[in-house]
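In what follows, chains are A, B, ... by sequence order, proteins preceding strands, each numbered from 1.
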2 protein chains.
Amino acid sequence: MSIIFSRQCEYALQAVTYIALKPSGEMTSIKELAKILDIPYHFLGKILQNLVYKGLLISQKGPSGGFALGMAAKDITLFHIVEAIDGVDFTNKCVLGFPECSGKNPCAAHTHWGNLRDGIYQMLVSKNIAEMAKDMKKPEYQLAAG
Amino acid sequence: MSIIFSRQCEYALQAVTYIALKPSGEMTSIKELAKILDIPYHFLGKILQNLVYKGLLISQKGPSGGFALGMAAKDITLFHIVEAIDGVDFTNKCVLGFPECSGKNPCAAHTHWGNLRDGIYQMLVSKNIAEMAKDMKKPEYQLAAG
DNA sequence: CTAGATTAAGATAAAAGACTCCGAATTAAA
DNA sequence: TTTAATTCGGAGTCTTTTATCTTAATCTAG
Ligand code: SF4
Ligand code: SF4
């Protein structure tokens, strides 16, 4: 189902983007995120918990509690989130599954794949959550700003 | 663990490339493939069985039996193999996991991701097994030609 | 023709990933 | 101060993927 990143990771990217649209100081609850983004409630809870542990989010319990960004939106790149959830093994893994991905005994696809992998990396580090939130046009995300 | 393609698919790509190095008419057994490429024997059996069903390989039972290419090596692209094992959903799926990957409400990463996805597709259709086999320098593949 | 080697097929098991449930801890609001 | 809302943490379930085991079918070599 997922292409490159785990389901958890996809959910994390979606949720953090949503949280970034909230006015500063306002918390977003798991309930709201789960409902609007259609993510399993308890599963999302665990994921956000992890992001808090990694410092990307902060949390608060009790009524009107929830989650907020742990640092400025522009300082959280997609890479930070992927790194926190899936790890970054993909940066040195072969797409064909050979044990050792190096230029030592390159196959016919190595250069092509190397470029693509760099492209993925570039996408992740060049896009931050501020941009993602700002440019987000999907209707379910319009609610966050309200 | 795998980046884009399933483990099965990776094994298939490796095995078919190995088979392509054998002189025409010679069959390659599961035993040989499993040993040299370090792939679980029975698991590989199932995978090759599937590739036979899809027409990419042919098989023969009995002593000196095994598998051989079902068509000319230059006519089997990486895409054919991926298509046979994993399917090609990745060609229209969002890397961030949003339900609907279209240009309708594009996010900030859409263009970048679209290019990468096209690049992956291009890699798969432009590389065929003849090329892969010919350019293969990995030592375990040198045995095949012997 | 026989024996052994090999693929085919189905059932099962183990591991990983995705998801659920429950209760405890915390905290803001009433 | 009480209550209810919320995150936290652990355990458990379900599903998918990966891998193993066993037997049957087939074919070649001798
Ligand atoms: S050479 Fe081909 S196989 Fe080896 S790592 Fe690079 S891409 Fe993977
Ligand atoms: S726009 Fe962004 S989110 Fe929507 S499909 Fe393209 S990449 Fe995925």
task: Rounded to the nearest angstrom, tell me the gap between atom NZ in A:K61 and atom C1' in C:dT26.
output: 5 Å
message: Measuring to OP1 and OP2 of D:dC27, would you say a side-chain N or O of B:S64 lies under 4.0 angstrom away?
response: no
- prompt: CD of A:E26 versus P of D:dT6: gap in Å, rounded?
  reply: 13 Å
query: Can you name the closest pair of heavy atoms from A:C94 and B:I3 and give their distance?
result: O-CD1, 4.1 Å
query: Is the phosphate of C:dA8, meaning OP1 or OP2, less than 4.0 Å from a side-chain N or O of B:S59?
result: yes
- prompt: Parallel, tilted or perpendicular: which describes the rings of A:F43 and A:Y11, with under 30° parallel and over 60° perpendicular?
  reply: perpendicular
Contacts of A:A109 that satisfy side chain to side chain contact (heavy atoms under 4.5 Å, CB included) - sequence neighbours left out: A:C107, B:M123, B:K127, B:M132
Residue whose closest nucleotide on DNA chain C lies nearer the 5' end, A:F5 versus B:G66: B:G66
query: So which of residues 40-47 of chain A are in contact with DNA chain C, with a heavy-atom cut-off of under 4.0 Å?
result: A:P40, A:H42, A:F43, A:K46
- prompt: Is the backbone of B:K93 close enough, under 3.5 Å, to the side chain of B:R117 for a donor and an acceptor to pair up by distance?
  reply: yes
- request: Quick one: label B:Y53 by what it contacts on the DNA or RNA (base, sugar-phosphate, nothing), any heavy atom closer than 4.0 Å.
  value: nothing
query: Within this structure, what is the CD1-to-P distance between B:I39 and D:dA19, rounded to whole angstrom?
result: 10 Å
Between P of C:dT6 and NZ of B:K35, the distance in whole Å: 12 Å
Under 4.0 angstrom between B:Q49 side-chain N/O and C:dA9 OP1 or OP2: yes
- request: May I ask you to say what B:L48 touches in the nucleic acid, namely base, sugar-phosphate or nothing, with a heavy-atom cut-off under 4.0 Å?
  value: nothing
statement: In whole angstroms, the gap separating C1' of D:dT18 from CG of B:N50 amounts to 15 Å
- request: Report yes or no: does B:Y121 contribute a side-chain atom to a donor-acceptor pair with the main-chain N or O of B:F90 at less than 3.5 Å?
  value: no
query: Looking at A:R7, does any N or O in its side chain come under 4.0 Å of the phosphate oxygens OP1/OP2 on C:dG17?
result: no
message: Using modelled atom types and a 3.5 Å cut-off, is there a donor and acceptor pairing between side-chain atoms of B:K137 and backbone atoms of A:P106?
response: no
task: Please figure out whether A:G62 or A:Q8 has its closest DNA chain C nucleotide nearer the 5' end.
output: A:Q8
message: Distance check needed: D:dT6 P versus A:E32 CD, whole Å only.
response: 10 Å
Under-4.0 Å side-chain N/O to phosphate OP1/OP2 contact, A:Q60 with C:dA28: yes
query: What is the distance from NZ of A:K31 to P of D:dA5, rounded to the nearest Å?
result: 7 Å
statement: Taken to the nearest whole Å, CD1/A:I58 to P/D:dT7 is 13 Å
Just distance, no hydrogens or angles: give the donor-acceptor pairs under 3.5 Å from side chains in residues 71-85 of chain B, sequence neighbours left out.
unit_1, atom_1, unit_2, atom_2, d
B:T77, OG1, B:F79, N, 3.3
B:T77, OG1, B:H80, N, 3.2
B:T77, OG1, B:H80, ND1, 3.1
B:H80, ND1, B:D75, O, 3.3
B:H80, ND1, B:T77, N, 2.9

For B:E10 against B:S2, the heavy-atom pair lying closest together: OE2-CB, 3.5 Å
query: Any side-chain N or O of A:S29 under 4.0 Å from OP1/OP2 of D:dA5?
result: no
